[in-house]
Structure formats: structure tokens, C-alpha cells
J.: 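Sending over a structure as C-alpha cells; questions will come in a sec.
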Protein chains: 2
Amino acid sequence: MTAKSSPIRLAVDAVVFGYSKQDGVSVLLIQRKYAPFKNAWAIPGGFVLPGESLEQAVHRELKEETGITVSYLEQLYTFGEPDRDPRQHVVSVAYFCLVKSSQYQELKASTDAANAQWFPIDELPELAFDHAQILTTAIDRVRLKVRYEPIGFELLDRKFSFADLEHLYISLLGRDIDRRNFSRKMLALDILQETDEFAKAEGKGRPSRIYKFNKASYLKQRKQGINFEI
Amino acid sequence: MTAKSSPIRLAVDAVVFGYSKQDGVSVLLIQRKYAPFKNAWAIPGGFVLPGESLEQAVHRELKEETGITVSYLEQLYTFGEPDRDPRQHVVSVAYFCLVKSSQYQELKASTDAANAQWFPIDELPELAFDHAQILTTAIDRVRLKVRYEPIGFELLDRKFSFADLEHLYISLLGRDIDRRNFSRKMLALDILQETDEFAKAEGKGRPSRIYKFNKASYLKQRKQGINFEI
DNA sequence: CCAAAAGTGTTAGTCTTACACCCATGA
DNA sequence: TCATGGGTGTAAGACTAACACTTTTGG
């Protein structure tokens, strides 16, 4: 391994999705401190250490750079064009992650992650490297996936109002959905558990009922291949 | 970059699918000549060269090891467990490939690729490294994908009988399909072009009509999101 | 003329979609 | 009491799945 042909380096990048009522579905980005692309926004990530699994690397980098803990992690795609990093040939395995709504709020309040920030998926800034492409791939994947697997719950806390769930889907899919058909389909899945609490109304309107996500039932059905379409 | 912690190496592996009337859907494997796993069967692949794209690496390795040319190539998954190769930490980006039926026959006849061989997907041998896992992932993906995108045609030559197409799907999905519903659905897609040729009957039975795959119409529809389900 | 495989149509049931009205709350 | 958003039911149409008979060939 001589210096004249530097080896390929391996990195991971993590597209982190979060949700809040105010901002809708958002992505976590960090501001770069050094060249290249100094001060540009980028997807969190970094090099994989020898002996470390890819998922370990994602968790480690996210902890270091943002302090966040994810509730869902899935490999997205591996980006390997030789010129995607101007310094050297870096191949990056991209993941997409979902974090609970409570984590979303915590990060927003934290001063620790001063250079990390949420961006709604329809108001993204310019991005470093080929990160715009990675982000597009991630958004496409999540939009596709959420239609046949109920991963949306990973973005909400254990308890949530039906209205929240609906707004999440509207924000994620970027289009209106029929509230009546949506609720029928969701309830038919038998993975929601009704509680006798109600969301305290903000402003006008009838308060919506609070549900719990029944993860046990979800996992049981997942084994047999869940059927789910918005 | 000192010697004490050897860097992670990056490889590609290619799961190549082929089809023939006699054997059904098969996978191309090569027999290893060296340790570890000497003489075991393995998926073709190898290290990525600095400055080379991942897809280039796949094409290069396939040419070197089997002489085959693929008609469809898609990234599958990246396998990165640190201990998947006993020698050192090797992360491998796996692809799946589809080759035309004519290529299938050529390889079978070739003496050049003496250590490459087709194995029907339901008669696979023991495999080196974690290649059994890669193969399972690939078969699952192809089975899923063939149901909502007509990639099956990439396994047939430009002209084929309807019976061939049906047998391909039966072999790939590993279950019977209803010939009448299948043909209706296929024809409704408007990507098949009837010819006035007929397959010469082998043994008994009415000869089946020869169709051409209308790639132009397929690509046109693909842009608008094709609808396809077996 | 018989066996084997190809070709074609119909029907019941399920799922999807579109749509309208009543209910509970805050102002 | 009115404006706002939450909650529920129904009916038309599309799609899926199941199924039987006729046609063409080789033996």
C-alpha cells in the first residue's frame, strides 16, 4: 500500500428524519466546520473504523455529532462515484434513520449540538458533496416505504393523537389524504390501541383521541407480512 | 495509515441470474481456487480499484472471472460485518444482475470459464464467506421486484414464446401462477408485441406464439410509473 | 382420435375511492 | 351560536382471483 495510489476510504452517512407538529417531517443536518464545503450543510456521517460494523459506525457518528438516538435504522444505498469527494475516493454507505418526536424537541433545545439543525423536507438548503442526491434517495425511499410498512410510528412518541398521525402522513407524502379512508385503514391494521385520553385542544375544534402504538401486535403481523397501503 | 490497524478494504460481489428452459432461473457461481474456502463455491466479485466506480468494478470482475455481459444491474445491499472475511475487514457492496438467455447458453458451452457454473436457485451448493446470506437477499429482492416491475424480460432474448415467459415467472416465484390471468395482465401492459412466428413444438401440444419485448413502450411507461402485479 | 399444451371469457368477491353528515370544543 | 376540526357510513367502480371450454399440434 504505497502512497502513490491512496486506498479507498469507507464512510457512512445518516439521513435522520424527525417530526414535529409545527415543522412537519424534517431532516437533521450539520454545518461543516472545515474545508471542503466549509460552512455548507451536510448529512451527518464519517469514516468507518476497522473492526466496526456499519451500523455501529452510524450510531457512533450520530452520537458524536448530534447526541441523538434513533429508533429505526435501515440501509439506504451505497454511493461510490470516485469523484464524489474532491480529496480522495470515498465510498459512503448511506442509512436512513427515524427518531421519536421527543428527540426532535430535545435536539432543538440542546446547545450541545449547536451546529446541528432540523430542516423541513420541503425547505432544504444547498448541501455539500453529493448529499443532495443522497437526501433525494432517502426521501423517495421513505415515501415509498411508509406506504407499505407502518414505519411512520417510529417518528411519533408512544402516545399520539390520530390527528398527529394524519398530519405526519400528509407532511411526509406531500399530498392530502382522505381522513376517513386513512382512519379506516389504520384501525383495520389492529396495531393501534385506543386510550381514554384526548388531546387538549389548541385553538378550535373537537379534541382528538389519543392512541397508543401496539408494537407487539405490529411485530406479530410483520412476521406474516403486513398489508398496508395509503 | 500504519500497518498495525489494517485499513478496511472495499469489494463488490455480483449475484448473476440467468434463465434457461431446462434449468429454470439459475445463479452463476465460481469455484474458489485459493484459501480461505478453497474449492468452495462463491459469488463472483473482487476488490474495487481506487478511482473506479462500483459498477465498473462489477463489470470488470464479471468479465475477468466469467466473461459474461449483463443486461441489467442494480445495487442490492452492502455487507459490512467486520468478521465476514476471516483475513481482514472487507466491506462488500453486492449487486444483482440479469443476463439474457443466450448468454446463459454461451457460458454453459464455454471452456474459458471452466470454474464458473449455473446453479438453479432451488439447488444451491454450500457457499463461501457470508455468500449464502447475500444470495438469499438477492433472491428475495428479485422475487419482490419482478412483481412490480417487468424485469423478467431482461432474462429472455428479444423474441420469446409466451410459454417461456410463463415458465420464467413460475420458476422465479417458485409457485404456480394462473396462465389466463397472467396473460391478460401481461398483454394489458402493452409492452409485448405479437409476431406471426410460432415456437416449433417440442413433443406434444399446440405451438405457442412468439412475442417481442417492446422496450420503447416499456421505457415510456416506466417514466410515468408502471403498474404491474403478478 | 387421443393426449398435451395454448388460447380465450365470465363471474363473484374484495378492495379502493369518493363523498356528506353529525359531533365536540373554544371563542 | 358559530367556526373549526374530529368522527363515522355508504355506494360505485376497479381490480383480483377463481374457474371451463375450445383450438392446435404430435403421436
Side-chain angles (χ1 to χ4, degrees), chain A residues 21-22 24 144 146-150 156 159-171 173 175-212 221 224-230, chain B residues 21-22 24 144 146-150 156 159-171 173-190 192-212 221 224-230:
Chain A
K21 213 169 298 187
Q22 314 84 272
L144 186 71
V146 84
R147 285 179 48 216
Y148 65 87
E149 216 167 304
L156 296 172
K159 290 181 173 187
F160 50 87
S161 71
F162 216 101
D164 268 340
L165 188 58
E166 191 194 336
H167 292 146
L168 165 62
Y169 272 84
I170 290 172
S171 165
L173 297 174
R175 62 174 166 88
D176 266 18
I177 54 184
D178 188 290
R179 176 169 42 94
R180 297 156 290 193
N181 293 336
F182 178 71
S183 102
R184 186 179 324 122
K185 207 164 279 183
M186 276 293 172
L187 293 172
L189 289 177
D190 198 33
I191 56 177
L192 293 188
Q193 195 175 333
E194 195 176 292
T195 72
D196 42 10
E197 296 169 62
F198 291 85
K200 54 181 178 303
E202 321 149 16
K204 300 191 169 178
R206 176 175 173 175
S208 83
R209 188 180 280 277
I210 298 285
Y211 285 84
K212 280 196 290 192
Q221 290 184 58
Q224 302 148 23
I226 205 163
N227 190 27
F228 186 70
E229 274 277 346
I230 308 299
Chain B
K21 214 169 296 186
Q22 314 85 274
L144 187 71
V146 84
R147 285 178 47 214
Y148 64 87
E149 217 167 303
L156 296 172
K159 291 181 172 186
F160 51 86
S161 70
F162 216 100
D164 268 339
L165 188 58
E166 191 194 335
H167 293 145
L168 165 62
Y169 272 84
I170 289 173
S171 166
L173 297 174
R175 63 173 166 87
D176 265 18
I177 54 183
D178 187 290
R179 177 169 40 95
R180 296 156 290 193
N181 293 337
F182 178 71
S183 100
R184 184 177 328 119
K185 207 163 278 180
M186 275 295 169
L187 293 172
L189 289 177
D190 198 30
L192 292 189
Q193 195 176 332
E194 196 176 292
T195 71
D196 41 12
E197 296 169 62
F198 291 84
K200 54 181 178 300
E202 324 149 14
K204 300 193 171 179
R206 178 175 172 174
S208 85
R209 188 180 279 277
I210 298 285
Y211 285 83
K212 279 197 290 191
Q221 289 185 59
Q224 302 149 22
I226 205 163
N227 190 26
F228 186 70
E229 273 277 347
I230 308 298

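Worth knowing before you read on, the calculation uses all heavy atoms, side chains too, and leaves out hydrogens, waters and symmetry mates. By convention in this document, chain letters (A, B, ...) are assigned in the order of the sequence lines, proteins followed by strands, and residues within each chain are numbered from 1.
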J.: Any salt bridge (charged side-chain N to carboxylate O under 4.0 Å, His left out) involving residues 181-195 of chain A? Give me the pairs, sequence neighbours left out, ordered by first then second residue.
T.: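 Qualifying pairs, neighbours excluded: A/E194-A/R209.
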J.: Nearest to the side chain of B/R179, heavy atoms from C-beta on, is which of C/dT8, D/dG6, D/dT16?
T.: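 That would be C/dT8.
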J.: What integer distance in Å separates A/Y211:OH from D/dG6:C1'?
T.: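 Taking OH of A/Y211 and C1' of D/dG6, I get 10 Å after rounding.
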J.: Just how far, in rounded Å, is C1' of C/dA5 from CD1 of B/I170?
T.: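 Going from CD1 in B/I170 over to C1' in C/dA5 covers 12 Å.
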J.: Could you tell me how far apart B/L165 (CG) and C/dA6 (C1') are, to the nearest whole angstrom?
T.: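 Nearest whole value for this atom pair: 14 Å.
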J.: List the residues meeting salt bridge (charged side-chain N to carboxylate O under 4.0 Å, His left out) with A/K212, not counting sequence neighbours, and say none if there are none.
T.: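 Applying salt bridge (charged side-chain N to carboxylate O under 4.0 Å, His left out) to A/K212 gives none.
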J.: Within the distance-only criterion (no hydrogens, no angle test), does the side chain of A/S161 pair as donor or acceptor with the backbone N or O of A/S208 below 3.5 angstrom?
T.: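 No, because the side chain of A/S161 does not come within donor-acceptor range (under 3.5 Å) of the backbone of A/S208.
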J.: Using whole Å, report how far CG of B/D164 lies from P of C/dG7.
T.: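 So the CG-P distance, B/D164 to C/dG7, works out to 12 Å.
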J.: A/V146 vs A/L168, test: side-chain contact (heavy atoms from CB on, under 4.5 Å). Steps then yes/no.
T.: CA-CA 11 Å; A/V146 84; A/L168 165 62; over 6 Å; no
J.: In whole Å, what is the span from the CD1 atom of B/I210 to the C1' atom of C/dA5?
T.: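 So the two atoms are 15 Å apart, to the nearest Å.
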J.: Figure out the CZ/P separation between B/F182 and D/dA17, and round it to whole Å.
T.: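 Checked: the CZ to P distance equals 14 Å.
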J.: Taking only residues two or more places apart in sequence or in another chain, which ones pass ring pair (Phe, Tyr, Trp, His ring centres under 6.0 Å) with B/F182?
T.: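 B/Y169.
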J.: Write down the distance between CZ (A/R209) and P (C/dA24), rounded to a whole number of angstrom.
T.: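 That distance rounds to 11 Å.
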J.: Tell me: NZ of B/K185 to C1' of D/dA14, nearest whole Å?
T.: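 Value for this atom pair: 12 Å.
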J.: Could you tell me which non-hydrogen atom of A/Y148 sits nearest to which non-hydrogen atom of A/L144, and how far apart they are?
T.: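 The answer is CD2-O, 3.3 Å.
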J.: Could you go through nucleotides 2-5 of chain D and list every protein N or O atom that sits under 3.5 Å from one of its N or O atoms, giving the distance for each pair?
T.:
| unit_1 | atom_1 | unit_2 | atom_2 | d |
| --- | --- | --- | --- | --- |
| D/dT4 | O2 | A/G205 | N | 3.2 |

J.: Which heavy atom in A/A199 sits nearest to a heavy atom in A/P207, and how many Å separate them?
T.: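 Residues A/A199 and A/P207, closest heavy atoms: O-CB, 2.9 Å.
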J.: Does the pair A/L187 and A/Y211 meet the rule for a side-chain contact (heavy atoms from CB on, under 4.5 Å), with working shown?
T.: CA-CA 10 Å; A/L187 293 172; A/Y211 285 84; 4.0 Å; yes
J.: Within the sub-3.5 Å range, which N or O atoms of nucleotides 9-13 of chain D have a protein N or O partner, and how far apart are they?
T.:
| unit_1 | atom_1 | unit_2 | atom_2 | d |
| --- | --- | --- | --- | --- |
| D/dG9 | O6 | A/R184 | NH2 | 3.2 |
| D/dT10 | O4 | A/R184 | NH2 | 2.9 |

J.: With sequence neighbours left out, what residues match B/R179 under side chain to side chain donor-acceptor pair (under 3.5 Å)?
T.: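 For B/R179 there are no side chain to side chain donor-acceptor pair (under 3.5 Å) partners, ignoring immediate neighbours.
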